[in-house]
Amino acid sequence: IQLTVREILESPKFSHMLNRMQQHSAEKKSIEQIRSGATSGPLSFAQEGLWIHDYLQSGKSINYNIAYALHLKGSIDPVILEKSVNRIIERQWILRSVFKREAILSQNVLPMFVELKPELVTLDWFRDESVANARTPFYLSKNPPLNIRLFQINSNYFILYVNHHHIIHDASSIDIF
C-alpha cells in the first residue's frame, strides 16, 4: 500500500494513516481468485517464495517435499479408491497445477488423473521405494507436484502413499487429502 506525501502531510497522525491504508486495501483485491474453468492464475505470496526457493536450487531441492503413507487394512476396492482420488484432484485445481515463469509467474492448471493400480510388494520394498520417492525433487514448471501410489502388502493390507510439494497446500488445506 502506498500513500502519497500529500496524504501523509495532511494527516500526520498514525490513526489517520491507518484509516487511509485500510481504504486503499478495501479498494483492491488482495489475491485474485482462479475462476472455475480457468487454466491459469497468480501465485500467492507464500507460493512465490516457495517457487523462488525451488528456482534458486535449480529444481533439485527436496526441502519442501511432504510424504506420508496411509495404512489401509481390510478389503479395499482399488477402482473406487482411484475414482475418489481423481474426484478430489478434479475439484482441487491446485493439485494439478504447474508453476511457470513466462511473462509473469503463474500457476497453470492441467488435466490430470491418477492411476492407482495396486503394486504387490513387501513391506521392506515399500520402505525403500517410499524413501527414494520422497527424496526425488518435483519439477514445478513441468509436472504437478503430486505423486500418489497404492501398494499392496497382502490381500488385506494396502498402503496409499502420497508425496507432494508444500507449494500446493498450507496448514489449513492439508486435510483436503
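Being a predicted model, the structure only gives us computed values, none of them experimental.
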query = Mind checking whether W51 and Y55 have parallel, tilted or perpendicular rings, split at 30° and 60°?
reply = parallel
inquiry  = side chain to side chain contact (heavy atoms under 4.5 Å, CB included) for N63 and H53? Distances and angles first, verdict last.
reply    = CA-CA 10 Å; N63 293 344; H53 178 271; 3.6 Å; yes
remark   = Contacts of E129 meeting side chain to side chain donor-acceptor pair (under 3.5 Å) (sequence neighbours excluded), chain-then-number -> R149
key: Non-neighbouring partners of K117 that pass salt bridge (charged side-chain N to carboxylate O under 4.0 Å, His left out), sequence neighbours left out   = E82
note = d(N154 CG, L123 CG) to nearest 0.5 Å is 9.5 Å
request  = With rounding to the nearest 0.5 Å, note down the distance linking CG in L160 to CD1 in I76.
outcome  = 9.0 Å
request  = Look at the aromatic rings of Y64 and H165 and report parallel, tilted or perpendicular, splitting at 30° and 60°.
outcome  = tilted
query = Do F158 and F151 have side chains that get closer than 4.5 Å, going by heavy atoms?
reply = no
message = Using side chain to side chain contact (heavy atoms under 4.5 Å, CB included), reason through L150 and I159 one step at a time and then give a plain yes or no.
response = CA-CA 6 Å; L150 182 62; I159 300 174; over 6 Å; no
request  = Would you check if Q152 and Y157 make a side-chain contact, meaning some heavy-atom pair closer than 4.5 Å?
outcome  = no
ask   = Does I66 share a hydrophobic cluster with L70, counting links as ILVMFWY side-chain heavy atoms below 4.5 Å and allowing steps through other members?
value = yes
task = Would you mind reporting whether P145 and H164 have side-chain heavy atoms less than 4.5 Å apart?
result = no
message = Rounded to the nearest 0.5 Å, what separates atom NZ in K60 from atom OG1 in T136?
response = 14.0 Å
task = Taking the side chain as every heavy atom from C-beta outward, state whether I89 and V114 have any pair of such atoms under 4.5 Å apart.
result = yes
ask   = Same cluster for Y68 and V121 if Ile/Leu/Val/Met/Phe/Trp/Tyr side chains link at under 4.5 Å?
value = no
Side-chain touch P137/I62, heavy atoms, less than 4.5 angstrom = yes
ask   = Are side-chain heavy atoms of R127 and D124 found at a separation under 4.5 Å?
value = yes
note = dist I88:CD1 -> L146:CG (nearest 0.5 Å) comes out at 10.5 Å
ask   = Rounded to the nearest 0.5 Å, how far does CD1 of I168 lie from CD of Q107?
value = 10.5 Å
inquiry  = I need the minimum non-hydrogen distance between Y161 and A67, along with the two atoms involved.
reply    = OH-CB, 3.6 Å
Heavy-atom side-chain proximity of I148 to V85 below 4.5 angstrom = yes
task = Could you state whether I94 and L105 fall into the same hydrophobic cluster, counting links through intermediate Ile, Leu, Val, Met, Phe, Trp or Tyr residues with side-chain heavy atoms under 4.5 angstrom apart?
result = yes
note = One should read off an interatomic distance between L50 CG and L43 CG, to the nearest 0.5 angstrom, of 9.0 Å
Pair L140-V98, side chain to side chain contact (heavy atoms under 4.5 Å, CB included): steps then yes or no = CA-CA 5 Å; L140 299 178; V98 294; over 6 Å; no
key: CD/Q57: more than 12 non-hydrogen atoms of other groups inside 6.0 Å   = yes
query = Distance-only, no hydrogens or angles: does the S130 side chain make a donor-acceptor pair with backbone N or O of F126 under 3.5 Å?
reply = yes
ask   = Would a hydrophobic clustering, with Ile, Leu, Val, Met, Phe, Trp and Tyr connected at side-chain separations under 4.5 Å, put W93 with L110?
value = no
key: side chain to side chain contact (heavy atoms under 4.5 Å, CB included) assessment of N65 paired with N163   = CA-CA 7 Å; N65 285 11; N163 184 19; 3.8 Å; yes
task = Kindly work out whether a path of hydrophobic side-chain contacts (I/L/V/M/F/W/Y, heavy atoms less than 4.5 Å apart) joins I167 to Y139.
result = no
query = Tracing side-chain links under 4.5 Å among I, L, V, M, F, W and Y, which residues wind up in one group with V131?
reply = none
